[in-house]
Student: 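Please read through the structure below; I'll follow up with questions.
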Amino acid sequence: MINDLITALGAEFVQLSLTPIVIGILAAIACALPGNFLLLRRQALIGDAISHVVLPGIVAAFLVTGTITAVPMMLGAGGAAIVAVVMIEIVKRLGRVEPGAAMGLVFTTLFAAGVLFLEITDTSSVHIDVQHALLGNLESLIWFDAEGWGSLIDPKALATLPPQLPRLAIVLVVIALFIFLFWKELKISTFDAAFAEAVGIRTRTLGFALVVATAIAAVAAFDAVGSIIVIAMFVCPPASARLMTNQLGRQVGWSVIFATISAILGYVFAGYGPGWFGSPYAVSAAGMIATISGLILMLTCLFGPQRKRIGQQAET
Amino acid sequence: MSSAKLVAESGKILDVAAKDAPLTVRGLTVSYGNKPAVFSVDASIPAGSMTAIIGPNGAGKSTFLKGALGVVPRLSGEIRIFGKLFDEARDRVAYVPQRASVDWDFPARVIDVVLMGLYGSVGLFRLWRARHKQQAMECLKRVGMSDFADRQVGQLSGGQQQRVFLARALAQNAEFYLLDEPFAGVDAATERAIVSVLKELKSEGRTVVCVHHDLSTVAEYFDRVLLINVRRIAEGPVETTFTAENLQETYGGRLAATHIDELHLA
């Protein structure tokens with residue numbers, strides 16, 4: 001039994017599974033952290049919206065440069081975001097509709113444009129297609145040069161890590177630092193924006209910074225795990241965490257735990273789960289990670305200690 | 001108090017005396033969309049006074065407070081807090097928004113909300129420490145809520161939530177308190193508790209301004225009124241300004257004559 005485990009976690013595990021799992025965890029946490037605040041600000045769909053909007057930008061960046069590299073992708077995503085803001089403003093003013101309706105129109109249009117772009121242009125030579133845009137390619141992010149756990153301290157092997165891993169690690173550190181350093185400000189302005197403004201917190205700037213952090217997480221995670229998981233991770237772990245506790249700090253902690261569990265279990269179930277049912281195939285890891293996060297949300301809805309709170313007031 | 005009255009009666013020295021008054025407003029205009037919510041309002045709140053801001057629904061009472069504190073952008077108007085720009089006098093002001101303006105489902109305990117009032121004394125990039133918790137507990141005691149410190153704010157009654165908001169303002173230890181409808185939807189016990197805390201603040205020489213709805217308690221709770229209906233109708237001591245004539249003008253005839261009779265105005 002123990003020997004099995006050692007074999008299971010041996011050299012092959014390091015080479016084939018370690019990096020996808022770590023990348024999955026990093027992406028999940030990077031999205032879940034800002035997701036906590038988006039959720040409490042009733043802006044959870046901003047993460048969804050951003051991941052929709054950036055798609056045509058990323059495709060356009062690929063068509064222009066012909067490669068999938070970080071900088072053009074980020075620029076393309078940023079350009080698409082600006083186009084989206086301008087389009088929303090135009091629709092809002094010319095159509096005289098409420099902002100929500102304008103956003104819904106623009107986001108879906110841009111996402112559809114992105115998918116259309118992918119379909120009509122020849123991107124078959126590289127791993128960018130509709131499938132990749134939605135579900136990423138987590139399984140392919142393997143570590144060719146790893147020969148076992150020892151490779152973790154071998155600089156030569158470390159240099160060949162999939163680039164998504166250090167990129168997501170940096171993004172995660174930046175987002176975690178942002179939330180840690182501005183904890184008071186984020187907490188106060190999320191709870192009571194008018195009070196926050198009166199005590200001198202720049203609520204608009206902070207709200208904008210939060211959306212930027214969200215966008216960075218979405219774009220960095222998009223390349224590795226696709227947009228489905230990005231949407232799921234912005235919403236599911238924080239929503240589950242909210243049902244576990246009544247304190248913001250603990251909620252953020254729970255969301256990290258749930259994001260991590262989703263990433264690990266999702267990857268393992270996707271790779272080995274179908275085999276347990278006698279199927280020779282594996283299913284998409286990103287899809288399974290999103291599914292697990294949804295299952296966790298379902299469980300916390302049913303059994304979370306703070307689930308009964310809406311409309312419940314203790315009268316004295 | 002007598003000096004404040006003198007100032008109010010003699011127009012000539014008003015501007016000199018108002019220089020470092022808690023709040024001086026000149027021509028405040030705030031607009032949502034095309035319609036001004038507050039139009040060219042002047043006001044001058046003397047130190048140590050308790051002023052009720054009165055007017056019908058949608059008259060811009062809350063907007064007046066928010067505009068004065070820069071919580072909403074203003075189209076025009078000059079605001080001085082203790083003779084300075086608000087940015088330079090922020091620490092001397094405590095603002096209590098309407099209870100209904102926040103989502104009480106927020107994951108925070110009562111103590112967490114009161115701690116927010118100590119924001120200014122914690123420092124950039126730092127977190128609340130033990131001595132802040134102690135201060136916050138003392139403020140909760142003053143509003144009779146210390147037993148609820150660990151309760152989630154959503155589990156409180158409306159009156160208790162309002163007391164928590166007041167405790168947060170007390171934690172700010174300000175000289176000038178602006179409260180937006182502190183008595184809206186609270187039980188009688190809470191109303192008494194809040195009034196007694198506000199009178200305490202006044203007796204300590206602090207200044208209080210409340211957006212207030214209940215005309216029958218104005219004379220009992222406050223010594224000054226500011227009547228607003230988009231424009232300023234009148235401002236001054238309760239005895240001289242809280243009159244049937246001014247109320248009729250403020251409420252545009254929407255106030256029943258019998259209602260005004262019941263107020264036993266001068």
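Order of the sequence lines fixes the chain letters, A, B, ..., with proteins taken first and strands second; residue numbering starts at 1 for each chain.
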Student: So for A:Arg204, is it side chain, backbone, both, or neither that comes closer than 4.5 Å to the heavy atoms of chain B?
Tutor: side chain
Student: Does B:Gly55 offer a backbone N or O that forms a donor-acceptor pair with the side chain of B:Asn229 under 3.5 Å?
Tutor: no
Student: Under a 4.5 Å heavy-atom cut-off, does chain B meet the side chain of A:Gln251, its backbone, both or neither?
Tutor: side chain
Student: Counting only non-hydrogen atoms closer than 4.5 Å, can you tell me which residues of residues 182-198 of chain A sit against chain B?
Tutor: A:Phe182, A:Trp183, A:Lys184, A:Glu185, A:Lys187, A:Ile188, A:Thr190, A:Phe191, A:Asp192, A:Ala194, A:Phe195, A:Glu197, A:Ala198
Student: Of all heavy-atom pairs between B:Ala68 and B:Leu23, which one has the smallest distance, and what is that distance?
Tutor: CB-CD1, 4.3 Å
Student: Cation-pi check, B:Arg90 to B:Phe86: give yes when NZ or CZ is under 6.0 Å from the six-membered ring centre and within 45° of the ring axis, no otherwise.
Tutor: yes
Student: Could you check B:Leu226, B:Val208, B:Leu178, B:Thr207 and say which one makes a side-chain contact (heavy atoms from CB on, under 4.5 Å) with B:Thr51?
Tutor: B:Leu226
Student: Looking at B:Val113, B:Val96, B:Asp103, B:Leu69, which makes the most heavy-atom pairs under 4.5 Å with chain A?
Tutor: B:Asp103
Student: Report yes or no: does B:Glu181 contribute a side-chain atom to a donor-acceptor pair with the main-chain N or O of B:Phe183 at less than 3.5 Å?
Tutor: no
Student: Should the pair B:Arg168 and B:Phe165 be classed as cation-pi, given the thresholds of under 6.0 Å to the six-membered ring centre and 45° from the axis?
Tutor: yes
Student: Which heavy atom of A:Val54 sits nearest to which heavy atom of A:Ala80, and what is that distance?
Tutor: CA-CB, 4.2 Å
Student: Between B:Tyr119, B:Trp128, B:Tyr95, who has the most heavy-atom pairs with chain A when the cutoff is under 4.5 Å?
Tutor: B:Tyr119
